[in-house]
Structures are given as C-alpha cells and as structure tokens.
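Each chain gets a letter, A, B and so on, in the order its sequence line appears, and its residues count up from 1. The basis for the numbers below is simple: all heavy atoms, side chains too, and nothing from hydrogens, waters or symmetry mates.
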Amino acid sequence: MRRYEPTEVEPRWVEAWEREGLYRADDDPADERPRFYALDMFPYPSGDLHMGHAEAFSGGDTVARFAAMRGYNVLHPIGWDAFGLPAENAAIKRGIQPREWTYANIEQQASSFRRMGMSFDWTRRLHTCDPEYYRWTQWLFVTLFERGLAYRKTAPANWCPNDQTVLANEQVVNGACERCGTPVVRKDLTQWFFKITDYAQRLLDDVDELVDWPDRVITMQRNWIGRSEGAQVTFEVAETGDRVEVFTTRPDTLWGVTFFVFALEHPLVMKLAEAGGTASEATALLDQLQATPLTNREQAESREGVPLGVHAVNPVNGEKVPCFVAPYVLMEYGTGAVMGVPAHDQRDFEFAREHGLPIRVVVQPEGETRDPDEMTEAHDHEGVMVNSGPFDGVRSPESIGQVIAWLAEQGKGAAAVSYRLRDWLISRQRFWGAPIPIVHCPEHGEVAVPEDQLPVQLPQDVDFRPGGESPLARHPTWKHTTCPICGADAVRDTDTMDTFVDSSWYFFRYCSPREDTRAFDPERVGRWMPVDQYVGGVEHAILHLLYSRFFTKVLYDLGLVGFTEPFLRLMNQGQVIYGGASMSKSKGNIVEPMPLVERWGADTMRITILFAGPFEDDIDWKLIAPDPDRRPPMNAWLGRVYAAVFEAADREGSQPETLTRLTHRAIRGVTDDLERFRFNVAISKLMVLSNEIRSALDAGRGAGHAARALTLMLAPLAPFLAEELWREALGNETSVHEAAWPPFDPRLAREQRVTMVIQVDGKIRDRVEVDADASDDACRELALASENARRFLEGRQIRQVIVRAPKLVNLVTGG
RNA sequence: GCGAGAGUGGCGGAACGGUAGACGCGCCGGACUUAGGAUCCGGUGCCCGGAAGGGCGUGGGGGUUCGACUCCCCCCUCUCGCACCA
C-alpha cells in the first residue's frame, strides 16, 4: 500500500508551479479565452495568516482554479492592505519603524500563501504602503480634489482618544471606536472629506445591478445610504423672523404640530435662546453636550430639553408653537430641526409628555371614518382630534403627495429627499498612511501637488507616536515646501489618508500593476474588469464595498472605466470560531492554521475547512478537529484516494473502465456545487466517488476512468494531491491545473428516465419519473405511484383513467 | 422598533415537489495485529419488537398537491445587521 506524505510532496509542487509560471494571467489581447477575474479581499499584514484567511482564500482559490480548468484566462492576484494603525502600535511596542513590522509580516504571509498552494499570479503583487502604489492613491485624491469631490471643512468630528485620530462615521460603532472600542468624543477639527453624498442616489439605484450579492449586504448598503422621501417645510420664528427648514416624511401631519425642536448644534440656537431669555439654560445644555460622544449619545429614554422661549409659526395654519432645544434631534440628519407631532411620532410623543405639551391627532375631515391604524398611532387616544386641512386623509402616499403639492403651491415647502449617508471623512492624524498631497499656500490656499511631484513620500525618520496632532507636523523639515503655483514658502498638509482610500481602488491596479505613468491601464482594466467573483468577509459589507463602488463611479465619470459597478458577484465566507466564540487572544482560543499545514499538509487544511460546513456559515474549529494530536479525517481520506488512484492506474489497460455512469453524475454534481460555492457538498460527492473506486478495485474491476475524473475534480479543492496523482500516478506531462475540467456526457450523466403519467378525466393526476436502468428503484417508485393513484381513486366517481408508461408494464388499473 | 436570514439525528450538515437524514464526526460491535497519532469491515433518526415487522418523525398550526423539509398563509424561536434617521 502506498503511503501519502503531503508534507514531502507539497513543497515540491510549490516549486514546480512557480517554475512553470502556471498561474500567470495572460494580458495578451489575442488570447481568445474568456477572462475571469477572481478576487480575494487582500489581507492586512497583522502577523501570520489566521484561520479566517485560510478559509477565505481556500474558497477563493478553489473558484480561481475551477475557472481555469473550465477554460478561462484567470486573473487571481494578491497584495497587501499594508497601511494602518496596528503597524504603528506594534512598532511603538517594539521600538522599530512601522514599515519594518509591516514588510516582515507581509513576507511571512506571502510565504504561508505559497505553502498553502494558492494559485496567485505573484507577478502582480502589490502593497499599498509602497510609494509606487500610494503615489497613485495620491493621484486619485488630487483627481477628486480637482473635480470638487475632495474638500476641507471644519466640523464636529468623531475623535478616538485612544488612537488619537478622527474616525469616519462608518468607523464609529455604538458610540465607540470600531477598532479599539474606546468611546468616541466630539472634537471640532478641520478635515478632508470625499463628497460621496453626491453619489448617494446612484449608489442606491445601482444596488439593483448587484443581483449576485448576498441579500443582507445589499440591505446593509441600502440602509446605510438611507434614503427618505418627504417634504422640506419652512417655519418662521415669530419673535425674530428667522426662517427654519425642517425635513419630514409626514407632511400630512403638519396639522398636528404642537411644538418645534432644534438640535443642540443648530446655528440658530444661541441667537434664539437670547431672544427668548433662556440663554443660560441653553448654554448649560450645550456645555453638557461638548464632552459626550457625537454619535449615539445616550440613547436616552430621557426626553430632556430646554424651552427657548420663542415660538415657531406653523405654515399651514399660522399657529404659534413653543420652540425647544433637545439632544434627541440630530444635527447630522435632515436640517437639524424638527416639527413636533406627538400624536404621530413616538419620540415626539415622549417629549410632549415630559414637557406637558398638547397632543393632537390628525384625522380625516368632518369626523369621517377613522383608520384604526391611525388611532393606534395616536398613543392611548390622548389628545384632541383635528382634521387634516383640505385633504382626504392621512398617511397614504396619495394624501402625502397632495399635501406636498399644496405646500409647493403655497410656497411653504417642497418635496425633498434626505439621505443618511454623510460625506466620507478621510483625514487621519497618524503617520502610517498615504500623505494627503496638498500644499497650503498663504496666497493660493489649498493647492494640489502636481502629478509629476508625486508621490509625496513619508519621511523615514519621524517620531510617529500619537500626540493629538499629526506626527508629520512634528517633523522638523518635512512639511516645509514651496507653493506649486507661485513658489512661495508653503506647508504640506500633515494628515494622512484613511486606509479605506488605499483599498478602494487596488483591484484596478492589479490589472496593470507595474504602470509607472498612470494608476492603471484603462484598456487592461476594460478587459479584466468588472471583477467576476469577489470573496471576502461580511465585515466589509458597508465601508469597503461602498467606497469601492463610489470610486468606480467617479472613475466612470472621468471616462477611465466603462462600467459603474466593480464587483459582479460577491461571496462572504463565514467566520472560523472556536468553542462557540470568535477566536481571540483574550479568550486564549486561537488556532493557527500554519502549524497544522506544516504537520498535515495544505490539502488537508483546505479540504477540512471547506468540508466543515456551508461556505457562508460560521464554522466551529472545535467541532472539526477535536483532538490536535489525532490524524484529521480529511488527511486519512486523501491517503485513501492516493492509494486507490495508484492502484487503478496500475491496473488500467488490461481492465475495462467502469463506473462510467456514476462518474458522469459526480462530474455534473460537483460542477454545479462549485459554481454555487457548495464546497462541502462537492467534497462529499468526491468521497462517494472515491469509495466507489475502492469498492470496484476490491471487486477486481478496473476504475481507470473514474480515477482520472476524480483526480481532475480534486484539483481545485486539493491541488497538491491532484497534481501528484495526475503526473505521478497517471503519468501526464503537464499539470492537472492546465487540464480541462472533466468532460461529461449528458446522456450518461442523466439518468435514463421514464415518465409515467396518470390522467384522470383528462387532468394529470400524477407524474412519476423513474430511473429505467435501476430496475429495483424503478419498481419501488412505480409501486409508490400506483399506491398514490389507488388512494386517489378510492371512493370517487372516475370516468376515465389513462396510464402512460412507455416500456413498462401496466401497473395501475382503475376506473 | 425596522430590515435580512435560518429552524432537519448526539454533532457539522445532505436532499430539481418524488424512498428524509447523502457525506463526515461521534458512538456500538467485530477483524487484524510487528499494539498504530493506526487501518479495515458491519451497525447507528426515535419508539415497540429477539427477529420479521409496525408506529412516529424536518419548530407549531392551517392550505395547495396523487405526493411537501421543499410552494402559500398565520404563529413561535434563534442569529445577524441598522437603530432618537424626523
């Protein structure tokens, strides 16, 4: 019996594949094969590969190899998302530079990827922290700047006191820093933004094109953009004459307004408080706010607020209602002021109760039938009913439309759309990122660094420890430069870009990674993109994907690309957890993949992880590999396959090939499963096939055809074993990965089926398909059908029964 | 609260509307022993039964169908996302 030694076999093939240049994508336009861009979300080099990488890349690699075997010219690149905070933190701890730590980890991961047999085109490797790369990140910034899509403003920002930098809204989760969990505080800063809100509608509309994305990701994208339709209505402050806009989705409830509320940051608040004689109370409230988190500040049940002492005039009926300032109104959404309609809004209702304000239910005119739902909205039926002015009713889209039209006619408001999406804050006060390529000139203000002066390189010698201002600002000389326009002394912008900027365009760069005169070659991008299959974690469902979609649309508008969506299909792998909990250092339950690969082989690792469960679901390593000292079942199976194929190969020639039908069915099944990312099911089918081969051999029959087909089908899933079998056992000259996916005969793959139809009074009452070559099965199935028919016939007046069953005996009688 | 997804053995999980539980783990029994980090063979949804056999079974309740894990309606439970969004 031959014994399979993966740890000896596998490194040999890694070398051979590299030598043969097996996985290089062919850029030649003359290559007539259809192209397939298989993309995996590039890793952050935080250390060696972890289980999450092992799972995601095993799946992505299977897809890429499968595509290649099906005749595609495959682009399967790899790179590293290598800027970012952890490098600084690690470097501080070790007293080294972030780049040392980063590049060392990249080398470690690269070597592990090789060991795992990933079919990457290594010639396209990139790192976002290379000047050759971030030069073009900076070029993109400049391009956006010149198009008016990058701008600087002073605004309250989310500041993480631990990381000493601002965060994008997207990076604040429940009021805390997404990365370190520290509660975020509010800080007024001048920051750079990308005007992603200009693209809000398109980002929303084009979601419809993303048919091969997971539903939940599509939903998350939609919710994040958060479009609401309604009306903009103008109120006037009675005492000062200031006009204030509010946004509402329920203009039909304008007749139920009993108060008016401003957000704390609303620019009119202090002026109105002074006019109303409540300046001190308002100031107290504002002070209280200063130190509290910007987003999600105390999801207070408390409906606190301070009256401003002034009144707003309701434009629909001229009524004066009291104004308040209250933290439950957010400056970030709508106009920062809302009309208070306690009968039709839960929050307004709570506020009105707290402050003893009247509640008015808007109903249809003249006390006609009230919608019961409308009554539930009225919260305990408190309050007075009022009718809805000149309109037919409330809450229906029609009545809302009527009200909007009427408001517009009266000049009191207009239809409006509001988005939750904010502009993307990209400034970071940290060192390890791409410097923002802007020069501040006393004369010319913000001036983009000219293209021929890019990249603006990071200095080598800088104290990068966080200190509240950008480390680059503390460098003695770095920031001093001259204005590109007038040559006067000027200073560089000392902030760096959010690393999400780096990762929002890397997939373009892969198409022509060595270009040094432009970010990418539009022709090559046009040939390879959009990405056919993107694989990565669901944690990037919003940020990375939204930003990448935004960049793609911008590049489309610039005429650089001919498509508006970068990723056609998206697949999220599940997490690898341990003992029901996500792996973490603090729980001490981390399992590292590479030691297991060293011990049992990469194929065992890959196939174990893919077999463990559906690709999108979390898998619990504790359930897969209960005992680290035991031989993993997948390793044992690979050994059996190895022995069986060698034996089948030895016997082939003198023995007739068998198992043909079974083999063709397996080919069809596995093809289908791989297309649908059902790796676990595909592996099951290969196990069945391998068991059949072994049974055939035990029975003294040949199984050459089946052994060859199995080897081919194994290639995307267990590439090393397949290669060993293909070249060593089956004696082929070229790699199994260059071979075609096993062809299958639809005639053989499809069972020979016979349809039996039972008609009763002209209507089909039953239709049974049976496998004609499996007579036992056929008889059983037909017996079942005839039993069903008999039950149906029982006790009924039946005139005519027709049974059609070609080639089969009449089994049913009746009628 | 809003939205999305999921409920099948001891476990991970299979089943174009057609024999539910493939495949694997675990467990039980056996074989081989040069006693292995093994390997091989058989069994394994639950209940009754020595067996043959029978009954019950895909969260619960209805419906469509000759036939439902699968399609439709209602309910329950769980997971995930968003959440003072006006």
> RNA chain B: A:Asp618 or A:Val688, which has the more 5' nearest nucleotide?
Replying inline: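 Result: A:Asp618.
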> Closest nucleotide of RNA chain B for A:Arg420 versus for A:Pro633: which of these residues is on the 5' side?
Replying inline: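 The residue whose closest nucleotide sits nearer the 5' end is A:Pro633.
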Give every donor-acceptor pair under 3.5 Å between a side-chain atom in residues 609-618 of chain A and any protein atom, sequence neighbours left out.
| residue | atom | partner | partner atom | Å |
| --- | --- | --- | --- | --- |
| A:Asp618 | OD1 | A:Gln575 | N | 2.8 |

>> Can you check the distance between B:rG21 and B:rG7, where both ends of the measurement are the C1' atom (answer in whole Å)?
In response: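 Going atom to atom, C1' in each nucleotide, I get 16 Å.
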>> For the C1' atoms, the ones on B:rG54 and on B:rG49, what distance do you get once it is rounded to whole angstrom?
In response: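 Going atom to atom, C1' in each nucleotide, I get 9 Å.
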> B:rC11, B:rA15, B:rG24: which one has an atom nearest the side-chain heavy atoms of A:Val681?
Replying inline: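 Of the candidates, B:rA15 comes closest.
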> Of all of residues 215-223 of chain A, which get a heavy atom below 4.0 angstrom from RNA chain B, listed by number?
Replying inline: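 Within residues 215-223 of chain A, the residues near RNA chain B are A:Asp215, A:Arg216, A:Thr219, A:Met220.
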> Parallel, tilted or perpendicular: which describes the rings of A:Phe259 and A:Phe324, with under 30° parallel and over 60° perpendicular?
Replying inline: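 Because their plane-to-plane angle is over 60°, the rings of A:Phe259 and A:Phe324 count as perpendicular.
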>> Just confirming the chi classification of B:rG81, syn or anti, using 90° around 0 as the syn window.
In response: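 Anti for B:rG81; the angle lies over 90° from 0.
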> Would you say a side-chain N or O of A:Asn635 is under 4.0 Å from OP1 or OP2 of B:rU39?
Replying inline: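 No.
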>> Looking at A:Asn680, I'd like to know whether one of its side-chain N or O atoms comes within less than 4.0 Å of OP1 or OP2 on B:rA14.
In response: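 Yes.
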>> Applying the Watson-Crick and G-U wobble criteria at under 3.5 Å, what pairs with B:rC40? Answer none if nothing qualifies.
In response: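 Pair assignment: B:rC40 / B:rG30.
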> For A:Pro214, which contact category applies under a 4.0 Å heavy-atom criterion: base, sugar-phosphate, or nothing?
Replying inline: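 A:Pro214: no heavy atom of the nucleic acid under 4.0 Å.
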> Salt bridge or not for A:Arg222 and A:Asp208, using N-O below 4.0 Å?
Replying inline: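 So A:Arg222 pairs with A:Asp208 through a salt bridge.
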Would you tabulate the pairs of protein nitrogen or oxygen atoms and nucleotide nitrogen or oxygen atoms of nucleotides 40-42 of chain B closer than 3.5 angstrom?
none

> Any side-chain heavy-atom pair from A:Ile693 and A:Glu647 closer than 4.5 angstrom?
Replying inline: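 Not touching, per the 4.5 Å side-chain cut-off.
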